[in-house]
Each structure stands twice: as C-alpha cells, then as structure tokens.
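Remember, predicted model here, so these are calculated numbers, not experimental data.
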Amino acid sequence: MNRTIPNNIFEALFPETGILSDQEIDSIKTNSQVVTHKKKDVLFKQDNFTSHIIFLKSGLVKLTKEIRNNKSLILKISTPGQFIGILSQFGSHAYEYTATAIKDCEVYYIDVNIFNSILESNGKYAMYIINIVCDENIGIFNRIIMQNQKQLPGKLADIVLYFSEEIYHSDSFEFPLTRTELAELAGTTKESFIRTLTEFKNDKIIKIENKLIEITSFEILKTLSRIG
C-alpha cells in the first residue's frame with residue numbers, strides 16, 4: 001500500500017536512522033539530476049531498459065501496464081517520497097509498465113551504478129530498499145486481487161478511499177484521472193464506473209460538484225470496501 005507522505009520528503013531515499021554514511025549520501029546527491037515533468041509527460045515506457053533509480057519529489061505519477069487488445073491497467077499512483085519503477089531495477093532490468101505524470105512533478109534521476117554499488121556495500125540500506133520493493137509489490141498484488149474479486153460498489157469504494165486516505169489525505173479532493181482511467185484503475189468499464197459513481201452520489205455516500213469529490217459517509221464506504 002502507498003505510504004503516508006513523510007514530513008521529510010526524502011525520508012524514503014535518505015532514512016534518518018544512520019543507515020547511510022555522509023559519504024554515501026553525498027555520492028547519491030552528486031550523481032543525481034533533477035528533472036521537472038509536465039502533466040502527461042512520459043517518464044519511461046514499458047519494455048524500455050532501466051537506466052536510473054527514479055525518486056518522486058513532488059507531483060503524481062501513474063503506473064500503467066499495457067495488456068492485450070490495446071487495453072491497459074493502472075497499477076498504482078505514485079506520490080511524493082516514493083521510488084518509481086524500482087521493481088524493474090532488480091528484476092528484468094526492463095520496465096514492466098509505463099510511468100506518466102498526471103500532475104506536474106519534480107523527479108530525481110539517480111545513477112543506477114552508484115546506487116547499486118551502495119547497496120552492495122551497505123547491507124542495512126539494501127534491506128531497507130528490499131522492504132520498500134516488497135511493500136510496493138504487495139500493494140499492486142492486493143489491488144489486482146481487489147479488481148478480480150470484488151463487485152463494482154466495493155471496487156469504487158476502494159478507489160474513493162484510496163484517493164482520500166493514501167493520495168490526498170483529505171475527505172475532499174479532485175480525481176487526477178479521467179473517468180476512463182479511473183475505470184481502468186477499478187478494473188471495469190467507463191459506463192459502469194460513472195453509473196456506480198452516480199449511485200454513490202444519489203445515496204449520499206459522496207457529494208460531487210464539477211470535479212470535486214467530498215466523502216459524506218466513510219462508514220458506508222468502508223463497509224462496501226470490506227464486504228466487496
């Protein structure tokens with residue numbers, strides 16, 4: 001699952017526990033470049049070879065898996081303080097999905113050779129990164145299970161709670177995705193997603209004003225999420 005945005009945005013990259021030496025921190029910083037991406041910019045494409053460790057400082061990025069028949073599946077939304085595409089760094093060395101900015105964002109590109117050399121010499125930091133990789137993998141795994149096992153009201157409840165509790169940390173927000181993309185995230189069709197969203201509004205579970213979503217009953221949402 002996505003973690004809460006840390007007070008220190010670089011906590012995931014530079015944990016404040018003495019795991020990294022000052023020399024290792026300086027090595028990462030001096031072998032990094034900061035790039036600003038606009039909304040809709042592609043950070044990397046599925047099947048391209050990995051070349052950098054990518055860390056998100058600000059903005060939002062969607063990770064999309066292209067599947068058969070020109071369809072795609074949104075695996076997760078990356079938030080500030082998270083690595084992007086790190087699963088592919090230690091697997092096939094080719095990106096397993098495409099990363100696209102859905103908000104203007106600032107990204108750190110870290111030289112992969114420098115990063116790997118620190119992992120090889122610093123076992124504690126290597127274990128720390130392994131935990132992050134596993135956490136991301138479990139989150140994606142659970143999302144896929146949700147899409148396949150739950151009924152549509154449960155799926156939509158999960159989506160609304162996901163953006164409220166893990167992306168924006170607020171009970172009111174704007175979806176950063178189109179209705180088509182939200183349907184992909186929920187694993188359903190655009191028409192079914194819109195119909196169920198309207199039912200939530202009519203049942204006073206949420207309020208909808210233009211693009212703004214406001215949750216009026218967390219209790220019902222969590223019940224729908226639990227019973228699926």
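Every residue two or more places apart in sequence or in another chain that forms a side-chain contact (heavy atoms from CB on, under 4.5 Å) with N137 is listed here: L87. Judged as a side chain to side chain donor-acceptor pair (under 3.5 Å), and not counting sequence neighbours, the contacts of T98 are E66. Residues that satisfy the side chain to side chain donor-acceptor pair (under 3.5 Å) test with H52, not counting sequence neighbours, are absent from this structure. Legend: residues meeting side chain to side chain donor-acceptor pair (under 3.5 Å) with S51, ordered by chain and number and at least two apart, are absent. In this structure, K39 has no salt bridge (charged side-chain N to carboxylate O under 4.0 Å, His left out) partners at least two apart in sequence or on a different chain. Here F173 pairs with Y168, F175 under the ring pair (Phe, Tyr, Trp, His ring centres under 6.0 Å) rule; sequence neighbours left out. Residues satisfying the salt bridge (charged side-chain N to carboxylate O under 4.0 Å, His left out) criterion with D158, sequence neighbours excluded, are K150.
S58 and L56 make their closest contact through O-CD1, 3.1 Å (heavy atoms, listed as atom of the first residue, atom of the second, distance).
Between the CD1 atom of I129 and the CZ atom of F115 there is a distance of 4.0 Å, given to the nearest 0.5 Å. For the atom pair OH (Y108) and NZ (K29), the distance works out to 8.5 Å, reported to the nearest 0.5 Å. The CD1 atom of I110 lies 11.0 Å from the OG1 atom of T30; values are rounded to the nearest 0.5 Å. Between L182 atom CG and I74 atom CD1 the span is 7.0 Å, to the nearest 0.5 Å. If you take OG1 on T79 and CD1 on I167, they are separated by 5.5 Å, rounding to the nearest 0.5 Å. The CD1 atom of I25 sits 5.5 Å away from the CG atom of L20 when rounded to the nearest 0.5 Å.
Sorted by first and then second residue, the side chain to side chain donor-acceptor pair (under 3.5 Å) pairs with a member in residues 110-126 read E24-N122; sequence neighbours excluded. Listed by first and then second residue, the side chain to side chain donor-acceptor pair (under 3.5 Å) pairs that reach into residues 198-222 are E165-K222, sequence neighbours excluded. Residue pairs that meet the side chain to side chain donor-acceptor pair (under 3.5 Å) test with at least one member in residues 171-185, sequence neighbours left out, are K62-E181, S72-E184, T178-E181.
Other residues, nucleotides and ligands contribute more than 12 heavy atoms inside 6.0 Å of the CZ atom of F218. Counting heavy atoms of neighbouring residues, nucleotides and ligands inside a 6.0 Å radius, atom CG of D22 does not exceed 12 of them.
Side chain of N31 to backbone of S27: a donor-acceptor contact under 3.5 angstrom is found. Checking side-chain atoms of Y162 against main-chain N and O of I77 turns up a donor-acceptor pair under 3.5 Å. Between the side chain of T196 and the backbone N or O of S192, at least one donor-acceptor pair lies under 3.5 Å. With hydrogens and angles disregarded, no donor-acceptor distance shorter than 3.5 Å links the side chain of S164 to the backbone of V160. The closest donor-acceptor contact from the side chain of E166 to the backbone of F163 lies at 3.5 Å or more, if one exists at all. Side-chain atoms of T50 do not come within 3.5 Å of backbone N or O of A94 as any donor-acceptor pair.
The other members of the hydrophobic cluster of I130, by chain and number, are M127 (side-chain heavy atoms under 4.5 Å, ILVMFWY only).
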